[in-house]
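Each chain gets a letter, A, B and so on, in the order the sequences are listed, and its residues count up from 1.
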2 protein chains.
Amino acid sequence: MRHLCMPEGLCANDIAKLENIISVTRKVKRGDALFRAGDRFDALFAVRSGSIKTVITHDGGREQVTGLLLAGDALGFEGIEDGEHTCDAIALEDSTVCVVPYTLFERMCRETDALQRRLHRMMSHAVNRESSHVVRLGMLRADERVARLLLDISSRLSRRGYASSEFTLRMTRDDMGSYLGMTLETVSRTLSRFDKLGLIETQGKFIRIRDFDGLRAV
Amino acid sequence: MRHLCMPEGLCANDIAKLENIISVTRKVKRGDALFRAGDRFDALFAVRSGSIKTVITHDGGREQVTGLLLAGDALGFEGIEDGEHTCDAIALEDSTVCVVPYTLFERMCRETDALQRRLHRMMSHAVNRESSHVVRLGMLRADERVARLLLDISSRLSRRGYASSEFTLRMTRDDMGSYLGMTLETVSRTLSRFDKLGLIETQGKFIRIRDFDGLRAV
DNA sequence: CGAGAATTTGATGATGATCAAACATAGTGG
DNA sequence: CCACTATGTTTGATCATCATCAAATTCTCG
């Protein structure tokens, strides 16, 4: 049972080719950076285990969490444009990623159209991921944003075959707040309220969703 | 002097190839859709003249403007993932776009690595565009968002060789508000205040920037 | 286990939303 | 081409949401 870093099917032949170039994995310790803004871009990454946040550091030191990557998610596409990464990627827990050397991968994509299609879909997915985040930030109230985040994580986990109703979110409340465009206090209060309402159960970073429809209706 | 839809250099040979497949242009009348969410995705587009907004319609009819595309900008990448578009693209004024048939383009990208690199950079750019919008929505106050939008448009225009200090923004205040995650009233008030402060001059949709540093410092 | 970090909860206040009404602009048909 | 009507904009008054400041409590990990 081998783990495929970049899931969803290719034909056996293509998979073999792919495995050749993504045989390299890299471990990243909790709190360490997989890459930093300004680092030379030379590889894409896929989260194999653990989770990673992407952070943009604004002039003045203010930081914003712009992305949350779970096992199975690919990252690094932002670096292609100018050949250097535009954000920091920080491990939220000890994690493992597959390393996909970019120029090699690009060449393979020219040879294999299935692989090319796959890369394009991944990049398109990255666009859509950002775009739904824009919607979340742009037209939802604080409690709606929190509810959506929980549902989003849940559905991403279930798509990957993990339990969808309970998980441990390694982000701090501060990270969640930064990601959702609100303060850590508001995140905390919102989670407490959801708990009191019977929508979820929280014990620190562990979260269990008790009432999916209720959350959707927030 | 021919207009190249997708600017920035390729070698003469590649340009010739490219021009072959992007010879088709399409006119879109103000208010009409270039494509709608759910439409089959089969081409990428590049704005040749005019401007276009992308809109996501939330369940319940609420709409959010997620993107603003000016002459020279490419759009449609969100459709690659599932083969159908995920947002509406609406012309803000009578506009012209180049049509780039996708499968054809994909094939060409496998043949010409310069073209492939170009496509990848465009998609990466699309990711970064969304991502800076996330930052704008996530960590800025209302007036900072408006200031950033104006500066952003200005720098995009100047990069394309247009006047950078005055332009006519075809969006309504409502569109701007939706794009910036605030109400049209707040947009209007903010612009009025900037005007009184001498940062800009406004006459309806026409805007002249008088004090770039002032705007940056908002 | 203990110290530093993270979380929770409360009290207060500011930013921006909402409601409302006057005013301006642009698009249409006579 | 002008007048008329729609639509868009501005400005004001009030209110709700969420940020800020603060302090007590609980986790976590080295």
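Sorted by first then second residue, the ring-ring contact (aromatic ring centres under 6.0 Å, His included) pairs that include residues 146-167 of chain B, not counting sequence neighbours, number zero. Identified under the ring-ring contact (aromatic ring centres under 6.0 Å, His included) test for residues 141-161 of chain B, with sequence neighbours left out: none. The stretch residues 209-218 of chain A participates, sequence neighbours left out, in these salt bridge (charged side-chain N to carboxylate O under 4.0 Å, His left out) pairs: A:E201-A:R210, A:D213-A:R216.
The distance from atom CG of A:L169 to atom C1' of C:dA6 is 15 Å, rounded to the nearest whole Å. The distance from atom CG of A:D174 to atom C1' of D:dA19 is 13 Å, rounded to the nearest whole Å. As a whole-Å value, the separation of A:R170 CZ from C:dT7 P is 12 Å. In this structure, CE of A:M176 is placed 21 Å from P of C:dA5, rounded to the nearest angstrom. Computed from coordinates, the B:F206 CZ to C:dT25 C1' distance equals 16 Å when rounded to whole Å.
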Are any protein N/O atoms closer than 3.5 Å to N/O atoms in nucleotides 6-8 of chain D? If there are, list each pair with its distance.
{"unit_1": "D:dG8", "atom_1": "O3'", "unit_2": "B:K205", "atom_2": "NZ", "d": "3.4"}

Identify the pairs formed between an N or O of the protein and an N or O of nucleotides 25-27 of chain D at a distance under 3.5 Å, and give each distance.
none

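Annotation for B:K29: atom NZ does not count as buried by contact number, only 12 or fewer foreign heavy atoms lying within 6.0 Å. Counting non-hydrogen atoms of other residues, nucleotides and ligands closer than 6.0 Å to CZ of B:R193 gives a total above 12.
Residues of residues 185-197 of chain B having a heavy atom closer than 4.0 Å to DNA chain C, listed by number: B:E185, B:T186, B:R189. Within residues 137-149 of chain A, no residue is approached by DNA chain C to less than 4.0 Å at the level of any non-hydrogen atom.
By the side-chain contact (heavy atoms from CB on, under 4.5 Å) test, A:R62 pairs with A:H58, B:M139, B:L140, B:E144, sequence neighbours left out. By the side-chain contact (heavy atoms from CB on, under 4.5 Å) test, B:T96 is found to be paired with B:T25, B:K27, B:R48, B:S49, residues two or more places apart in sequence or in another chain being considered. In this view, B:H125 satisfies the ring-ring contact (aromatic ring centres under 6.0 Å, His included) rule with no residue, not counting sequence neighbours.
In this structure, A:R26 and A:L34 approach most closely via the heavy-atom pair NH2-O, 3.0 Å. In terms of heavy atoms, A:A89 sits closest to A:L75 at CB-CD1, 3.9 Å. Residues A:E78 and A:T86 approach most closely at OE1-N, 2.9 Å, considering heavy atoms.
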Name every donor-acceptor pair, under 3.5 Å, that has one atom in a side chain of residues 37-45 of chain B and the other anywhere in the protein, sequence neighbours excluded.
{"unit_1": "B:D39", "atom_1": "OD2", "unit_2": "B:R36", "atom_2": "N", "d": "2.8"}

Sequence neighbours left out, cut at 3.5 Å: what donor-acceptor pairs do the side chains of residues 172-184 of chain A make with other protein atoms?
{"unit_1": "A:T172", "atom_1": "OG1", "unit_2": "A:D174", "atom_2": "N", "d": "3.3"}
{"unit_1": "A:T172", "atom_1": "OG1", "unit_2": "A:D175", "atom_2": "N", "d": "3.0"}
{"unit_1": "A:R173", "atom_1": "NH2", "unit_2": "A:G204", "atom_2": "O", "d": "2.9"}
{"unit_1": "A:D175", "atom_1": "OD1", "unit_2": "A:K53", "atom_2": "NZ", "d": "3.0"}
{"unit_1": "A:D175", "atom_1": "OD2", "unit_2": "A:K53", "atom_2": "NZ", "d": "3.4"}
{"unit_1": "A:S178", "atom_1": "OG", "unit_2": "A:V65", "atom_2": "N", "d": "2.7"}
{"unit_1": "A:Y179", "atom_1": "OH", "unit_2": "A:R136", "atom_2": "NH2", "d": "3.1"}
{"unit_1": "A:T183", "atom_1": "OG1", "unit_2": "A:T186", "atom_2": "N", "d": "3.4"}
{"unit_1": "A:T183", "atom_1": "OG1", "unit_2": "A:T186", "atom_2": "OG1", "d": "3.0"}

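Comment: A:D152 does not engage A:R129 in a salt bridge, judged by the lack of any side-chain N to carboxylate O separation of less than 4.0 angstrom.
Looking at heavy-atom distances under 4.0 Å, A:G181 makes contact with sugar-phosphate atoms alone, never a base.
Where A:M182 and A:Q203 each meet DNA chain D at their nearest nucleotide, the meeting point lying more 5' is that of A:M182.
Across all strands shown, D:dA6 forms no Watson-Crick or G-U wobble pair with both key distances under 3.5 Å. Across every strand in view, C:dT25 sits unpaired, with no contact that passes the Watson-Crick or G-U test at under 3.5 angstrom.
In this structure, D:dA16 shows a glycosidic angle more than 90 degrees from zero, which is the anti conformation.
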